[in-house]
Number of protein chains: 2
Amino acid sequence: MGEHFQDERLTAVGLLYEAFAGLNSRFAAQFCAHGLSTVEFEVLTRLARSPGHQLRMTDLAAQTSLSTSGVTRVVDRMERDGLIGRRACPADRRSSYAVITQAGLSRLDEILPGHLELIEQWFTGQLEPAQLSAFLDALRTIRDAVHPCATAGSTASGHAPEHAVVEA
Amino acid sequence: MGEHFQDERLTAVGLLYEAFAGLNSRFAAQFCAHGLSTVEFEVLTRLARSPGHQLRMTDLAAQTSLSTSGVTRVVDRMERDGLIGRRACPADRRSSYAVITQAGLSRLDEILPGHLELIEQWFTGQLEPAQLSAFLDALRTIRDAVHPCATAGSTASGHAPEHAVVEA
DNA sequence: CGGGGAATATTGCCGTGCGTATAGTTGCTA
DNA sequence: TAGCAACTATACGCACGGCAATATTCCCCG
């Protein structure tokens with residue numbers, strides 16, 4: 001494997017990865033400054049965007065790629081903090097709704113401005129549009145050179161479902 | 001706090017956040033398919049990009065925003081898997097180098113194509129350039145409306161608590 | 001030359017957080 | 001009414017990482 005070539009890809013991936021990791025950690029730091037974890041923020045936004053500001057536990061789990069038990073616990077924590085509450089489902093007494101409270105909405109209101117600011121900084125600062133498109137061109141070139149027909153059938157180290165891309 | 005306005009911001013943040021979260025989880029899934037965790041991938045790229053394919057434990061910790069003990073343990077795992085090795089530092093017998101092995105480089109080679117592909121898909125698919133700039137404009141507008149003087153001062157690089165809100 | 005303090009890596013201890021498997025409850029249908 | 005399905009909550013265990021303590025080595029200053 002050409003060393004030089006590998007270097008090219010590595011620096012490209014490395015730089016971009018740094019940028020992503022940096023953004024993630026800044027997100028986390030900002031959430032933390034407001035007493036939230038990443039998943040808790042996600043739960044909050046999901047609920048806030050849902051009709052009636054509520055969601056069944058199962059649906060919440062499905063929409064956050066968390067297991068149902070994980071959702072139970074997150075909701076436990078956030079209920080303890082007063083950010084969300086549980087509400088019995090009138091139609092089906094097996095289900096229960098997680099519903100965002102006024103405190104939860106306020107918390108979201110506190111976080112959003114800084115969050116948006118961070119996003120904008122990232123895109124306009126760290127990732128100049130021109131830089132970005134140039135980078136993407138380079139990416140494509142490199143990739144085409146490696147995988148003329150993509151296919152990606154690489155057969156890894158006998159480890160697993162290859163490109164098992166999941167996600168909802 | 002205007003409900004309508006809040007909704008605007010929420011959908012904006014929510015959509016973007018989904019995009020980021022989706023990318024993250026796809027990254028993780030891909031790494032996992034090759035038997036790596038996220039930090040392990042980061043360590044691998046960091047070492048591969050370093051002169052001599054090696055880095056002192058402390059430096060590795062500094063560059064990965066992991067504590068030194070965390071690095072020790074990650075290196076333990078990866079050494080056990082044969083992806084990297086330890087090498088005594090000739091100049092300073094307190095230090096030791098983590099050095100990437102041939103197997104580690106090969107593993108990286110297996111991962112990179114799919115990784116690059118994913119990145120390109122994300123930028124060109126999920127985040128159309130036109131969409132993106134429009135979105136950023138909207139962002140800016142919204143933000144300005146909320147924080148006329150924003151200031152934003154700061155913290156492009158540290159993790160200052162910013163609006164350190166209490167609440168446990 | 002010697003001693004104290006700084007730097008470095010490792011390890012024990014512990015908290016966190018999640019997933020799997022299990023249990024308990026309620027709804028639905030024959 | 002019985003039995004199966006759907007839903008949530010809990011028990012258990014695991015992986016991960018930070019903090020603080022420890023051992024070793026280096027370096028500076030008297």
Side-chain angles (χ1 to χ4, degrees), chain A residues 21 24-25 27-29 31-32 35-44 46-47 54-81 83-99 160-161 164 166-168, chain B residues 21 24-25 27-29 31-33 35-44 46-47 50 54-81 83-99 159 168:
Chain A
N24 271 329
S25 79
F27 277 170
F31 297 154
C32 180
L36 261 67
S37 75
T38 302
V39 288
E40 286 166 355
F41 172 78
E42 198 176 348
V43 166
L44 229 46
R46 271 309 203 294
L47 289 182
Q54 63 185 1
L55 227 43
R56 278 183 17 201
M57 300 292 278
T58 304
D59 297 333
L60 191 54
Q63 291 186 23
T64 50
S65 62
L66 225 64
S67 77
T68 59
S69 68
V71 166
T72 295
R73 275 182 262 264
V74 171
V75 170
D76 282 345
R77 292 196 292 270
M78 298 177 72
E79 190 177 25
R80 176 169 43 74
D81 294 347
L83 298 173
I84 64 181
R86 277 183 169 86
R87 213 194 103 218
C89 173
D92 187 338
R93 296 178 54 188
R94 295 170 299 180
S95 297
S96 59
Y97 284 110
V99 47
V166 288
E167 221 266 329
Chain B
N24 271 328
S25 79
F27 277 171
F31 297 155
C32 179
L36 262 67
S37 75
T38 302
V39 287
E40 286 166 355
F41 173 78
E42 198 176 350
V43 166
L44 230 46
R46 273 309 204 295
L47 289 181
S50 299
Q54 63 184 0
L55 227 44
R56 280 181 17 196
M57 300 293 278
T58 303
D59 297 332
L60 193 54
Q63 292 186 22
T64 50
S65 63
L66 226 64
S67 76
T68 60
S69 68
V71 166
T72 293
R73 276 181 251 267
V74 170
V75 170
D76 281 345
R77 292 197 292 272
M78 298 177 72
E79 191 176 24
R80 177 169 45 74
D81 293 348
L83 297 173
I84 64 181
R86 279 183 167 87
R87 215 195 101 215
C89 173
D92 188 339
R93 295 178 55 186
R94 295 170 299 182
S95 297
S96 59
Y97 284 110
V99 48
H159 12 151

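What's counted below: heavy atoms across the whole structure, side chains too, no hydrogens, waters or symmetry copies. Chain naming here is simple, since letters A, B, ... match the order of the sequence lines and numbering starts at 1 in each. None of these values were measured; they are calculated from a predicted model.
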* Assign T72(B) to base, sugar-phosphate, or nothing according to its heavy-atom contacts below 4.0 angstrom with the strands shown. =>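 Base, at least one base heavy atom under 4.0 Å.
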
* So what does T68(B) touch, heavy atoms closer than 4.0 Å: a base, only the sugar-phosphate, or nothing? -> base

* To do: Return the 5'-most residue of the pair L66(A), M57(B) with respect to DNA chain C, ranking by each residue's nearest nucleotide.
  => M57(B)

* Asked: DNA chain C: V39(A) or R86(B), which has the more 5' nearest nucleotide?
  -> R86(B)

* Residues touching DNA chain C, which here means a heavy atom under 4.0 Å, drawn from residues 73-80 of chain B -> R73(B)

* Not counting sequence neighbours, which residues clear ring-ring contact (aromatic ring centres under 6.0 Å, His included) with Y97(A)? List them please. => none

* Structure fact -> Rounded to the nearest 0.5 angstrom, the CG-CG distance for N24(B) and N24(A) is 4.5 Å

* Supply the atom-to-atom distance M57(B) CE to T68(B) OG1, rounded to the nearest 0.5 angstrom. =>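 Answer for the CE-OG1 pair, M57(B) versus T68(B), is 8.5 Å.
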
* Within this structure, what is the CZ-to-P distance between F31(A) and dG17(C), rounded to whole angstrom? -> 15 Å

* Interatomic distance, L55(A) CG vs dC7(D) P [rounded to whole Å] -> 13 Å

Could you go through nucleotides 26-29 of chain C and list every protein N or O atom that sits under 3.5 Å from one of its N or O atoms, giving the distance for each pair?
from, atom 1, to, atom 2, distance (Å)
dG27(C), OP1, R93(A), N, 3.3

* Counting side-chain heavy atoms from C-beta on, which of dC19(D), dT10(C), dG19(C) comes nearest to S67(A)? ->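 My answer, after comparing the listed nucleotides, is dG19(C).
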
[X] side chain to [Y] backbone, donor-acceptor under 3.5 Å:
| X | Y | result |
| --- | --- | --- |
| R46(B) | T64(B) | no |
| R87(B) | V99(B) | no |
| D81(B) | L83(B) | no |

* **Residues forming a side chain to side chain donor-acceptor pair (under 3.5 Å) with R86(A), sequence neighbours excluded** =>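 Counting only residues at least two positions away or on another chain, R86(A) forms a side chain to side chain donor-acceptor pair (under 3.5 Å) with D76(A), E79(A).
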
* **Contacts of type side-chain contact (heavy atoms from CB on, under 4.5 Å), residue S25(A), not counting sequence neighbours** => none

* Asked: Listed by chain and number, what are the side-chain contact (heavy atoms from CB on, under 4.5 Å) partners of S37(B), not counting sequence neighbours?
  -> V39(B), E40(B)

* Got a donor-acceptor pair under 3.5 Å from the side chain of S69(A) to the base of dT20(C)? -> yes

